[in-house]
Amino acid sequence: MTGDTIFATEANNRVLTFERDSTFRMQHRSNPPVVGTYTVFLSEEYELGEVPIIRFSREIPMFSPDSEFIVRINGDTLILGSLWTDAPSHHFVRQGGQ
């Protein structure tokens with residue numbers, strides 16, 4: 001709601017990895033990784049019409065309490081947008097060679 005932007009720093013940088021077997025891994029510094037599964041589906045339940053949604057099998061502390069997000073891709077950036085209008089979106093930039 002405030003329009004603030006928080007830029008990635010060494011302290012808040014995270015790596016989100018998706019595997020073909022529908023597993024994901026979220027790594028934040030030397031903390032134990034958050035590991036689970038994900039599904040992607042199309043939903044028509046939102047004002048935007050048919051949109052891709054990703055659902056994580058478990059809560060990710062950074063995203064808490066959400067586990068479902070609208071998926072957008074802009075070039076090499078994955079944007080996970082909240083289903084709530086006043087919540088933040090999370091941007092992940094593809095790492096080279098990945």
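Atom set for the values below is all heavy atoms of this structure, side chains included, hydrogens, waters and symmetry mates excluded. Keep in mind that what you see is a predicted model, and the values were worked out from it rather than measured.
Counting heavy atoms from C-beta on, the side chains of Phe92 and Met26 come closer than 4.5 Å. Looking at Asn74 and Ile79, their side chains come closer than 4.5 Å, going by heavy atoms from C-beta outward.
Of the residues Phe69, Phe18, Phe24, the one that meets the ring-ring contact (aromatic ring centres under 6.0 Å, His included) test with Tyr38 is Phe18.
Side chain of Ser89 to backbone of Gly81: no donor-acceptor contact under 3.5 angstrom is found. Between the side chain of Gln27 and the backbone N or O of Arg29 there is at least one donor-acceptor pair closer than 3.5 Å.
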Item checked: Steps toward side-chain contact (heavy atoms from CB on, under 4.5 Å) verdict (Leu80, Leu16) -> CA-CA 11 Å; Leu80 301 180; Leu16 179 58; 4.1 Å; yes
Item checked: Check against side-chain contact (heavy atoms from CB on, under 4.5 Å), Val40 and Ile53 -> CA-CA 6 Å; Val40 177; Ile53 303 290; over 6 Å; no
Next item on the list: Carefully, step by step, assess Thr17 and Val15 under the rule side-chain contact (heavy atoms from CB on, under 4.5 Å).
Entry: CA-CA 6 Å; Thr17 305; Val15 176; 3.9 Å; yes
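Under a hydrophobic-cluster definition in which Ile, Leu, Val, Met, Phe, Trp and Tyr are linked whenever side-chain heavy atoms come within less than 4.5 Å, directly or via other members, Ile73 and Ile54 are assigned to the same cluster.
Judged as a side-chain contact (heavy atoms from CB on, under 4.5 Å), and not counting sequence neighbours, the contacts of Val35 are Arg25, Pro33. Among residues two or more places apart in sequence or in another chain, the side-chain hydrogen bond (donor to acceptor under 3.5 Å, both in side chains) test is passed with Thr23 by Asp21. In this view, Arg55 and Glu68 satisfy the salt bridge (Lys or Arg N to Asp or Glu O under 4.0 Å) rule, not counting sequence neighbours.
For Asn31, the CG atom is densely surrounded, since the number of other residues' heavy atoms within 6.0 Å is greater than 12.
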